[in-house]
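Numbers restart at 1 for each chain; the letters A, B, ... are given by sequence-line order, proteins then strands.
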There are 2 protein chains.
Amino acid sequence: MELQGFERHDHASCIRDGVDAAAEHCRREGLQLTPVRRRVLEILLERHRALGAYDILDTLRDEGLGSQPPVAYRALDFLVKNGFAHRIERLNAFVACNHPGENHSPAFLICRKCDRVAEGQADPASDMLGRSAAAIGFRIERAVVEAEGLCPACQENDRK
Amino acid sequence: MELQGFERHDHASCIRDGVDAAAEHCRREGLQLTPVRRRVLEILLERHRALGAYDILDTLRDEGLGSQPPVAYRALDFLVKNGFAHRIERLNAFVACNHPGENHSPAFLICRKCDRVAEGQADPASDMLGRSAAAIGFRIERAVVEAEGLCPACQENDRK
DNA sequence: CAGCGAACTGTTATGTTATTACACCGGAGC
DNA sequence: GCTCCGGTGTAATAACATAACAGTTCGCTG
Ligand SMILES: [Zn+2]
Ligand SMILES: [Zn+2]
Ligand SMILES: [Zn+2]
Ligand SMILES: [Zn+2]
């Protein structure tokens, strides 16, 4: 599994790639990446962290793209439904997807100190819970996997 | 892993055992299992499902045990902190623990149809995410694992 | 081209979940 | 008796989320 989120990276291309992947996916699927939806995705990619719906709404409002909660929630619903973003239940917040386009079950590492989030993969069928579920006949459709702890950088700072 | 929650069981003893385990744990640890706290735990055990804080508060209010949100939230905080109950992030709700006293990392199977919840174990260090986290130096302290799907009974009903 | 429906947006209002802040109470220890 | 501390009672508010409905655009079809 490839983990992303805590290491340094070329952020400009990270934003560009995210938007491009979404645009391409929408083109193929006949979905509309409208200005609001595109901008919300950009905001998530730019900030590169988990953002609450109202944080995003503040930015939209500043830019004249919408001022009421449904505007933000509708765009986020679209992004989540189509796999361009994920909801972090633990934080009531949203992050841009690191593997857009790919069909995947995300798992997250959330730093409780700096609030940054790394996204990885967790195959729900292969782990202990998945096997036990299969054993009792429970059919898993979706799994929320969110680990909380300290990222490498914050462990460093703790020691200082 | 032992999964509990969907099968039939002796519910009276299930309630009694849960309260007894908590009472015993509190006695040993010098914690106060006050009337409100005990009653909230009983409510969770009686209903044997995930309950919102306000659902619980409604019951407390009917019984004259408190009418304002902090009463319910404080009791729930106590129960969660001491391992007698768990919060289900996906549902903004709470369930009584099935393994009180034992030190464990719970994982849940949530039926999207009947809303019942089964609790199992998920060792965060042993799965794919845990190994990847260790590889990049992320220290996992706690993990939310919540699988959503259809329980055996609801799959049956679907077929009818 | 008129009429229509689907998808999206704008806005108001409201519902749901959770916390802050402060007054009060009662027992333990001195 | 006094003080500290953990717990409770309550009001007010914050934070998160949705319902409902009017208005727009645009492509389709008669
Ligand atoms: Zn993803
Ligand atoms: Zn960190
Ligand atoms: Zn448990
Ligand atoms: Zn079910």
Side-chain angles (χ1 to χ4, degrees), chain A residues 22-23 25-27 29-41 43-44 49-82 84-95 110 115 144 146, chain B residues 22-23 25-27 29-41 43-44 49-82 84-95 110 115 144 146:
Chain A
H25 180 92
C26 287
R27 198 189 54 69
E29 305 283 325
L31 301 168
Q32 304 184 44
L33 190 60
T34 63
V36 178
R37 292 169 177 178
R38 172 186 290 263
R39 187 64 191 118
V40 170
L41 178 56
I43 292 167
L44 288 174
R49 59 190 306 116
L51 294 176
Y54 281 73
D55 294 334
I56 291 164
L57 184 58
D58 287 343
T59 303
L60 292 180
R61 184 161 23 226
D62 290 347
E63 300 176 357
L65 272 171
S67 61
Q68 301 303 320
V71 174
Y73 280 102
R74 286 194 286 231
L76 288 166
D77 283 349
F78 172 86
L79 296 174
V80 169
K81 185 157 56 172
N82 295 110
F84 307 135
H86 301 292
R87 178 180 168 85
I88 309 289
E89 300 291 345
R90 183 74 182 78
L91 303 176
N92 294 328
F94 300 84
V95 280
I110 305 167
D115 264 358
V144 173
E146 298 173 359
Chain B
H25 180 93
C26 288
R27 200 190 52 68
E29 304 283 324
L31 301 167
Q32 303 184 47
L33 189 61
T34 63
V36 178
R37 292 169 176 177
R38 172 186 290 261
R39 187 63 192 120
V40 170
L41 177 57
I43 292 167
L44 288 173
R49 60 189 306 117
L51 294 176
Y54 281 73
D55 293 334
I56 290 165
L57 183 58
D58 286 344
T59 304
L60 292 180
R61 184 161 22 225
D62 290 346
E63 299 175 357
L65 271 172
S67 61
Q68 301 302 318
V71 174
Y73 281 102
R74 285 193 288 233
L76 288 165
D77 284 348
F78 172 86
L79 295 174
V80 169
K81 185 156 58 173
N82 296 107
F84 307 135
H86 301 291
R87 179 179 167 84
I88 309 290
E89 300 291 345
R90 183 72 181 80
L91 303 176
N92 295 328
F94 301 82
V95 279
I110 305 167
D115 266 357
V144 173
E146 298 173 0

[X], nearest nucleotide to its side chain (from [options]):
| X | options | answer |
| --- | --- | --- |
| B:Arg87 | C:dA18, C:dT12, C:dG10 | C:dA18 |
| A:Gln32 | C:dA7, D:dT10, C:dT11 | C:dA7 |
| A:Tyr73 | C:dG10, D:dA11, D:dC16 | D:dC16 |
| A:Pro70 | D:dA11, C:dT12, D:dA17 | C:dT12 |

Q. Atom CG of B:Asn92 and atom C1' of D:dA14: how far apart are they, to the nearest Å?
A. 15 Å
Q) Roughly, in whole Å, what's the span from CG in A:Leu91 to C1' in D:dA17? A)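 Between C1' of D:dA17 and CG of A:Leu91: 16 Å.
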Q: Give a yes or no on whether a salt bridge exists between A:Arg74 and A:Asp77, defined as a side-chain N under 4.0 angstrom from a carboxylate O.
A: no
Q | Aromatic ring pairing B:Phe84/B:Phe78, orientation class (parallel under 30°, perpendicular over 60°, tilted between) | A | tilted
Q | Residue whose closest nucleotide on DNA chain C lies nearer the 5' end, A:Val71 versus A:Phe78 | A | A:Phe78
(Q) Would you say A:Thr34 places a side-chain N or O within less than 4.0 Å of OP1 or OP2 belonging to C:dA7? (A) no
(Q) For D:dG9 and B:Ser67 - does any side-chain N or O of the residue sit under 4.0 Å from the phosphate oxygens OP1/OP2? (A) no
Q) For B:Tyr54 and C:dT16, are the ring centres under 5.5 Å apart with planes inclined under 30°? A) no
Q.
For a quick check, tell me whether the side chain of B:Arg74 and the base of D:dG9 share a donor-acceptor pair closer than 3.5 Å.
A.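 Indeed, a donor on one side and an acceptor on the other fall under 3.5 Å apart.
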